[in-house]
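All heavy atoms count here, side chains included; hydrogens, waters and symmetry mates do not. This is a predicted model, so every value here is computed, not measured.
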Amino acid sequence: MRNAVGELGQNRAAEQNGSQRTLLTLAVRDYGDGDESFTAGIDEQLDVVAEWWSSPVASDGFRHVPAPTVTRREHVEDFLRDNRVREMEGEALVLFITGHGHAGTRTHFLQLPDSVKGRHLNTSVRTTDLITAALDSHARNVLVIVNTCYAGKISGEIDDLVEDIRAERRNTCRLDVLVTAGHDRPVQVRRFSTLLRGALERLRTTAGITTPHLSVVELMSEFERGLDPAERKRHRLHRVVDGSGVLTPTPCIPNPGYRRVRELTGADGRNPGTPAGDHWLDRATGRTQEQDPGWYFRGREDINRSIAAFLSPARSRGVLLVTGSAGSGKSAVLARAVVLSDPAFRDDPLCKTALDLSGPDTVPAPGSITGAVLARHRGAAELAHDILEALGETPRRIRSTEDPVVEAAQQILAVLRDRDEAVTLVIDGLDEADERQRIIEDVLAPLNAFCAPRLDQVPVPRLDGEPFADRGRGLRLLIGVRSSRPLSEPSGELPEEEQGHNEALKAVFPTAEEQRTDDEGSEKDIAEYLHALICEGGGGHRDSAEEAAALVAPVVWPSFIDARIAGEQLRSVKDPAAVARQPEWQRMLNNGTEGLLRRDLVLVEADGLPSEVALALLRASAFAGGAGIPWSTIWPQMARVLLGRALPDWDEMIAKLLKSRLNGYLAHDHEDDRRVYRPAHETLAEALRDIDTDWLDRGGAA
């Protein structure tokens, strides 16, 4: 799996060093034969190429240099010389060549308006001369795309020429050449632009590739997705020089669907392990849509104050368990600590909003968290590796005779022993891990030696009355784990089979502290969250929003996930309180997430999304393993099976789902360099996987 963060870091370093990316387009538009369709097709090609390579991946982008009108061989040579193509330096050079091609006995030529039949050696341009001018330049990465008739003929010529490029350049630079036609096939001039634009749109939507740049194979694959089986021999791309391999992204191909992800940095400036991508910011803000700029979570002052105190410089050891019933906001308070402790985030306007809403004693110190990991659907070895990466370490290679969990756990201990400063780790969603018991026993339990208070550091009062700080090597663990809410004080020790993972953690960390997110005071917090979500997110209706929040909070408590879904529904109506008072809506609300979802499944039909189709898509995301389901071809295939019939355009249905009110039921993530989707909470996923639930019962719609 490629390291998107590492690639992004290299890109930014290149930008800071002033590296340049250049797109050269050499197009012969008009052969003087009155073929206006050909000229229009060339213009369409230039438009889509310019649009693609202007994708805002990096701050300096691609400098586009189009060739002037070329009619003679001298014009082409002037273009190469005037732009110093053979001497060009920089991070990336892309050369796009299009026009009529001519296939000689052993040589392919770019034909020009003034080319003379039978005199191509002197009046046309040998296409490989153009290609090698770019390949043998000083640019560190080169991509040449040739879109002419019979371009496949180049493959026989180019191999020997590439061998004449110095070995050091061939071995250290990424040099790639693509052609759009076989050696004996003409090009339909407008078909290439149609296929390239189709690939552009798929990469912006369905592909979901999350890296800033694409590999050549990814470009070829998305291009070929637009071809019917009968067209593949005629119109597919052919790779005649392979210098970047199958998986490696090249800076020559920007990903038009890339979205820059806010990076969180630890106290030492390193990027902590955050496999969940946007998980922390989404949970911390309480927003229902990724593009939403608001910060809606309110209250939770007592627990936030406790977390800030736990993360204060005066402590270097300890375990704090943040626990509560499903959907009660555990991830929200942990994510708030992760985000607000990030020094880089302190300059963000969104952070200022959060700080203005918070008491100073509820805000963790900058840099107080070393790294944060998400345990959801992670095995013991995977989570141990995530922890190592959060600590800035590379997991060592494991021999076949070794237990990967034990070896990774030992490496974590060795790293902690070597650290001079205290380390703080956040682990969220432990109850959703795949190997919970082994994680607790084999990965976390050994860490107690670094978490438990040291006997030789019992706090002693200073002259000013304050205790001495507990400094030196140590580990602070902040763990989020689900547990049932006790209705009364337990009468005695619970049987082992009834103990949750929260109790198991207390057993391995005897001095652990605990904070619950579902106490009685959290009802007021839910009301404040609802008011902010409805009023600020909806743009008004302050009095109506306050009444609606007061009506909804007691019903949904202690579930923030139900509050979020209800708030998403109410923020989109003119009078939230009027809707919240409706008996039908109240009955739906009493059914929790299931009732809210039933109502939304009915309402999305007005957006052109049939309820049964929307349900099939949501259920497919719930059945997906790992971090979620990628759009691409997998989501449509799973939904088709669950729906029981085919649809003419699943991509259109998914696009409507993601733009509809149902988007609030989904969380997004990154896995294997793809954007993936899953239900916003595991309890919702469990409900969607229940085949006995009648989701399309429309009796509860309001």
**Report entry** salt bridge (charged side-chain N to carboxylate O under 4.0 Å, His left out) evaluation trace for R197 with E51
**Finding:** CA-CA 9 Å; R197 181 163 294 282; E51 182 179 346; 3.0 Å; yes
Requested in this report: Please test S221 against R202 for side chain to side chain donor-acceptor pair (under 3.5 Å), starting from the C-alpha separation and ending with a verdict.
Outcome: CA-CA 11 Å; S221 297; R202 282 188 292 278; over 6 Å; no
Query raised in the report: Taking it one step at a time, do T98 and Q45 satisfy side chain to side chain donor-acceptor pair (under 3.5 Å)?
Result: CA-CA 8 Å; T98 184; Q45 293 178 28; 2.7 Å; yes
Query - From CA spacing to verdict: salt bridge (charged side-chain N to carboxylate O under 4.0 Å, His left out), E393, R419 - result: CA-CA 12 Å; E393 303 292 332; R419 290 289 174 95; 3.8 Å; yes
Requested in this report: List the steps, then state whether salt bridge (charged side-chain N to carboxylate O under 4.0 Å, His left out) holds for K656 with E652.
Outcome: CA-CA 6 Å; K656 287 183 177 181; E652 180 185 356; 3.5 Å; yes
Report task. Start with the C-alpha gap between R378 and D434, add the side-chain angles, then the distance that decides, and say whether salt bridge (charged side-chain N to carboxylate O under 4.0 Å, His left out) holds. Result -> CA-CA 5 Å; R378 306 296 280 173; D434 288 340; over 6 Å; no
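Nearest heavy-atom pair, R73 versus V125, reported as atom, atom and distance to 0.1 Å: CG-CG2, 4.0 Å. Heavy atoms only, all atoms of each residue included: R169 and A134 are closest at NH2-O, 4.0 Å. Across all non-hydrogen atoms, the minimal contact from L383 to L374 is CD1-O, 4.3 Å. The shortest heavy-atom contact between V240 and D159 is O-OD1, 4.1 Å. Heavy-atom minimum distance, L195 versus G226: CD2-O, 3.7 Å.
For the pair V216 and L219, the minimum side-chain heavy-atom distance is 4.5 Å or more. Using a 4.5 Å heavy-atom threshold, the side chains of S621 and L666 count as touching. Looking at heavy atoms from C-beta onward, L23 lies in side-chain contact with V49 at the 4.5 angstrom threshold.
A side-chain donor from one of H138 and E87 sits under 3.5 Å from a side-chain acceptor of the other. Judged purely by distance below 3.5 Å, without hydrogens or angles, the side chains of D651 and W631 pair a donor atom with an acceptor atom. Under 3.5 Å, the side chains of H108 and T148 contain a donor-acceptor pair of N or O atoms. Side-chain contact, H64 with S54: no donor N or O sits under 3.5 Å from an acceptor N or O.
Ring pair Y31/H100: centre-to-centre distance below 6.0 Å. In this structure, W635 has its ring center under 6.0 Å from that of Y677.
Although no hydrogens or angles enter the test, the distance criterion places a donor-acceptor pair under 3.5 Å between the side chain of R170 and the main chain of E163. Judged by distance alone, the side chain of T194 and the main-chain N or O of R190 form a donor-acceptor pair under 3.5 Å.
Screening R140, R21, Q20 for a side chain to side chain donor-acceptor pair (under 3.5 Å) involving E91 leaves a single residue, R140.
Counting non-hydrogen atoms of other residues, nucleotides and ligands closer than 6.0 Å to CZ of R84 gives a total of 12 or fewer. Shown here is R396, whose CZ atom has more than 12 heavy atoms of other residues, nucleotides or ligands within 6.0 Å.
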